[in-house]
Amino acid sequence: MTGAADWWYVGSYTFTQDSNSTWNDSFSSGNSNSHSERTESADANGHGSYDFTAVSVLAANGSVTTTETLTGGGESHGHYHLTGSGYADSTSDTSDGDFSSHTELHSTFTQTDNENFDSSWQADLTIVITSSGTVVTGSVSGSDDADGAATFIAHGNGVSDSSTSGSEFSSGSHNDWTSDTTASDGYDYHGAWSDVYANGTLTSSSSVTNHIWGSLTTGSTSNWSTSSTTLDADGNPVTVTTSGGDSHGTSMSYDDTFSTGGFATMEFSKSQPGSYAGAKPGGNAAMSEPWLSSDSGRPTGDESFFGSGRPGKSGGSSGGIVLCSGPGQIVGGAGGLVVGQVPAGQPALPPSQRLGQPPLWVQMPRCAACHNPVIMGGGSFDMLPASYRLAAMRWSMTSPDNLNGIFRIGGQIAGGVLVMIVSGAATAGGNPAGALGFMAGFSMIRDALADAQNRVRPRMFEQFFEMQGMAPQDAAALREAAAILGGMGGGGGNAGGGVRDFLRNRRDYWQRSAGAMTQEEAAAIARAEGFGFEIGRRGGSRFENARNSVVIGRDSLRDGLVNRLELAEEIQHGLDRVTRQGSRARLRGLTNEQFHAEVFERILAGNQAGGYGFLTAEDIAQIRQMIVELRR
Amino acid sequence: MSNITKLEIDCGTDDWGESEEFTWDLFPVVDPTKTLHLLEDGLPKIGARITPGMVLVGKIGKSRYFDPNHEPTALDVHSLPFEELKSRYGSMWKDTSLYADTHIKGIVKEAYFEVSNGRKKAVVVLERDEDVH
């Protein structure tokens with residue numbers, strides 16, 4: 001018997017959609033409308049054919065063997081296309097007495113999508129049917145290819161205005177914005193598959209490669225302005241206008257290729273009743289029970305995970321599966337391991353290492369060299385809980401700082417202490433400290449205050465404070481006098497504008513010393529101290545704890561070079577972290593200028609001890625001059 | 001399997017009309033511990049492992065509240081905790097960095113600047129790493 005067949009198909013469709021809508025909002029004056037249109041079209045065609053022959057042979061013993069051959073193949077193709085576009089529009093007007101606003105919104109979009117696909121297949125099979133079964137040989141295979149691309153472009157823009165007016169004022173604002181989005185996606189798909197029949201087995205294989213790529217770009221801009229007019233005391237209009245704008249854009253793209261392939265083999269076989277697909281560990285006989293059994297009390301070696309046998313009826317619980325039951329499986333676990341139990345033969349933990357609250361004084365990590373407290377990760381004493389602060393101060397080596405800090409915890413900052421002392425000194429009535437102050441003379445108090453603010457001798461004032469036991473009302477009543485004294489004593493401890501500018505504008509370093517080095521040289525010096533070296537953004541240098549680096553502001557460079565004085569200051573800031581000089585200075589009530597005077601003094605001390613070898617005699621002289629100016 | 005994501009961010013202008021700055025140094029707006037993987041110019045280090053929420057490209061500009069006479073002093077920097085510094089001074093700058101959103105993670109393969117239409121922009125190429133969570 002022979003035969004043949006052919007088939008084919010051809011088809012297409014087109015779909016167009018238009019929409020338009022307009023409505024009015026009765027709640028407030030406004031209207032909007034939108035319009036969009038889409039056109040889809042697709043076409044596909046394919047064809048295929050096959051031929052077959054079948055021959056049956058009757059043997060002498062009566063058996064019949066039928067052999068069929070089948071050959072065929074086909075292919076199909078198609079396309080899909082989409083175009084769309086539209087816009088939305090909206091306006092809104094509102095007015096209510098002195099207020100009116102107008103808002104508009106516009107947006108548009110376009111989109112396109114193109115896709116193509118092709119596929120094919122072919123078969124070449126021989127089927128032999130006998131009384132004992134059917135055997136198929138040959139193969140069937142096919143492939144698919146598809147690709148497509150889509151784009152989407154959207155643009156939106158809007159504007160809003162509002163104005164408010166009253167009898168003595170008026171204001172208006174204007175905002176406009178735009179946004180743009182462009183996206184594209186593409187894909188390229190290739191897949192192939194085949195089934196091969198041979199000797200009663202079927203082998204299937206397939207492979208796929210799919211390449212996808214695309215991008216998305218967005219951008220937005222916004223501009224605003226606000227204007228308001230009021231009348232001043234003379235009735236003249238004063239108008240203030242502010243405006244600004246911002247723009248932002250982002251884009252991303254992707255490009256991925258996925259590949260996968262493999263094979264699966266299926267064997268034609270019949271299962272034999274009663275057999276298991278497994279064997280007893282270490283043996284060759286089929287198991288008569290599952291490997292993990294809850295059967296009780298048979299130390300056969302089959303049931304436990306670790307093969308040493310589960311406990312017998314007298315040695316453990318029955319009916320459960322036991323992990324790590326035998327000696328030698330866990331060190332010290334002769335009879336199994338209990339969470340939280342000290343292993344046999346091991347000493348118990350000392351009390352300080354057990355869970356619970358350790359003694360107060362062992363909580364604070366301290367520097368191995370100076371024994372001062374170290375606050376891990378940076379920060380100040382203020383960040384610590386009160387008990388920690390007390391612990392830190394107790395261990396601190398400088399007792400005046402301790403007392404200052406303790407007063408601070410008690411609600412009295414160092415500056416307040418000074419004010420109260422001076423206030424008490426000015427009381428001159430029954431208060432020993434006040435009498436002492438006036439006996440010492442007005443000028444001495446003034447000088448002492450100035451000196452305290454410039455140099456801070458907290459221990460001296462703390463001794464005054466401890467001696468005199470001043471009543472709070474005395475301090476409150478005479479605070480004004482202290483303020484007067486403070487003003488005479490040099491402006492409340494603040495240095496002049498020139499020095500402040502010097503500290504804020506590091507470029508002034510170049511006016512004090514032209515000594516410079518390359519960034520590589522500066523990095524090597526910082527590295528020798530165990531620090532990194534980095535260039536920060538404009539405006540300001542510092543020592544950065546998180547990066548453990550000296551950071552020189554970009555504006556501080558001159559022709560790419562680093563000023564030696566500035567490098568020395570930032571290195572000293574880094575060295576000062578160990579003893580928490582910044583936090584101490586704040587606790588002591590130092591100003592920024594006083595703090596830096598001490599920083600430079602520590603640089604001089606370090607230089608005398610053999611450090612800061614890169615500083616020249618001219619640099620040292622400049623540092624001394626800066627200290628004088630900062631102390632002034 | 002390769003999986004490449006390319007991200008770009010333009011250098012804009014700040015509230016003062018000045019060009020924004022690509023930098024690792026976002027202090028005191030962003031905790032410095034969050035920018036340890038950035039280079040001096042704000043680009044991420046090659047090989048850095050990026051997870052959602054991380055800064056991809058550091059960028060900052062002055063806000064309308066910037067006051068050159070009110071910048072943090074060295075005493076502030078060395079004695080105040082970061083959150084206090086941010087509270088006092090952070091409003092003077094705007095962090096305009098590019099951050100990795102919830103879908104962006106991987107290993108930094110390339111990071112560079114390019115100029116397009118007269119504008120500088122940073123480009124970062126990430127390769128997806130299944131071990132990045």
Side-chain angles (χ1 to χ4, degrees), chain A residues 215 217 219 242 244-260 377-380 382-383 500-501 503-505 534-547 551 553-554 569-570 573 576-577 580-587 590-596 599, chain B residues 1-10 12-18 21-27 31-36 39-42 58 60-62 64 66 68-84 93-94 96 98 103-104 119 121 123-126 128:
Chain A
S215 64
T217 302
T242 59
D246 194 13
S247 64
H248 186 68
T250 61
S251 63
M252 64 169 290
S253 62
Y254 63 92
D255 191 328
D256 299 332
T257 300
F258 301 95
S259 299
T260 183
S380 70
D382 302 56
M383 297 169 60
R500 279 201 300 274
D501 290 345
L503 289 173
R504 290 201 170 107
N505 185 354
E534 302 199 55
I535 302 300
R537 70 169 195 274
R538 294 167 294 187
S541 302
R542 66 183 190 278
F543 188 89
E544 178 53 65
N545 288 343
R547 299 171 88 93
V551 177
R554 195 166 295 164
E569 182 201 330
E570 302 309 337
H573 283 314
D576 284 347
R577 286 181 308 159
R580 310 300 308 170
Q581 293 296 338
S583 300
R584 290 184 177 198
R586 184 166 293 277
L587 285 170
L590 297 192
T591 66
N592 192 39
E593 289 75 20
Q594 293 163 344
F595 170 63
H596 275 86
V599 169
Chain B
M1 182 175 71
S2 67
N3 193 334
I4 301 296
T5 303
K6 183 178 178 183
L7 301 106
E8 302 175 354
I9 183 169
D10 285 341
T13 56
D14 62 20
D15 290 351
W16 292 73
E18 298 176 6
E21 192 170 1
F22 285 110
T23 178
W24 65 269
D25 189 2
L26 307 177
F27 181 86
D31 188 334
T33 60
K34 308 293 186 190
T35 59
L36 294 176
L39 295 168
E40 185 178 304
D41 55 10
I60 196 168
K62 294 174 184 171
R64 71 188 65 169
F66 178 78
N69 295 316
H70 188 56
E71 292 191 70
T73 67
L75 180 56
D76 292 334
V77 170
H78 291 284
S79 63
L80 294 177
F82 174 78
E83 287 305 323
E84 178 70 19
W93 291 274
K94 267 201 294 197
T96 56
L98 176 61
H103 305 294
I104 296 176
R119 302 189 73 170
K121 68 178 177 182
V123 181
V124 177
V125 178
L126 290 179
R128 186 177 182 84

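Every value quoted in this text rests on a predicted model; they were computed, and no experiment measured them. A note on names: the letters A, B, ... follow the listed sequences, proteins ahead of strands, and every chain is numbered from 1.
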> Within a strict 4.5 Å, meaning less than it, do heavy atoms of the L7(B) and T250(A) side chains meet?
Replying inline: no
> Just wondering, do W24(B) and V551(A) contact through their side chains at under 4.5 Å, heavy atoms?
Replying inline: yes
> Which value, rounded to the nearest 0.5 Å, describes the distance between K6(B) atom NZ and D255(A) atom CG?
Replying inline: 10.0 Å
> Which atom names give the shortest non-hydrogen contact between I4(B) and D256(A), and what distance separates them?
Replying inline: N-OD1, 3.2 Å
> For R586(A) and L80(B), which heavy atoms make the closest approach, and how far apart are they?
Replying inline: NE-CD2, 3.6 Å
> Where does D76(B) contact chain A at under 4.5 Å (heavy atoms): side chain, backbone, both or neither?
Replying inline: both
> Is the backbone N or O of G249(A) less than 3.5 Å from a side-chain atom of D10(B), with the two atoms forming a donor-acceptor pair by type?
Replying inline: no
>> What part of I104(B) gets within 4.5 angstrom of chain A, counting heavy atoms only: side chain, backbone, both, or neither?
In response: neither
>> Looking only at heavy atoms and a cut-off of under 4.5 Å, which of E84(B), R64(B), K121(B), E83(B) has the most pairs with chain A?
In response: R64(B)
> Can you name the nearest heavy-atom pair linking E21(B) to R554(A), along with the distance?
Replying inline: OE2-NH1, 2.9 Å
>> Do M252(A) and L126(B) have side chains that approach each other closer than 4.5 Å (heavy atoms only, starting at C-beta)?
In response: no
> Given side chains that start at C-beta, do those of D25(B) and R547(A) come closer than 4.5 Å, heavy atoms only?
Replying inline: no
> Going by the angle between their ring planes, with limits at 30° and 60°, are H78(B) and H573(A) parallel, tilted or perpendicular?
Replying inline: parallel
> Which atoms of K34(B) come close to chain A, meaning under 4.5 Å heavy atom to heavy atom: side chain ones, backbone ones, both, or neither?
Replying inline: neither
>> Which heavy atom of G582(A) sits nearest to which heavy atom of S79(B), and what is that distance?
In response: O-CB, 3.2 Å
>> To the closest 0.5 Å, what do you measure between CG (D14(B)) and CG (D246(A))?
In response: 9.5 Å
> Could you state the interatomic distance from OG1 (T5(B)) to OH (Y254(A)), rounded to the nearest 0.5 Å?
Replying inline: 10.5 Å
> Which region of D576(A), side chain (C-beta onward) or backbone (N, CA, C, O), has a non-hydrogen atom less than 4.5 Å from a non-hydrogen atom of chain B, or is it both or neither?
Replying inline: neither
> How many angstroms lie between atom OG of S247(A) and atom CZ of R119(B), to the nearest 0.5 angstrom?
Replying inline: 4.5 Å
> What is the distance from atom OG1 of T73(B) to atom CG of N592(A), rounded to the nearest 0.5 Å?
Replying inline: 4.0 Å
> With only heavy atoms counted, which part of F22(B) is less than 4.5 Å from chain A, the side chain, the backbone, both or neither?
Replying inline: backbone
>> I'd like to know which of T23(B), L36(B), I9(B), V77(B) tops the heavy-atom pair count under 4.5 Å against chain A.
In response: L36(B)
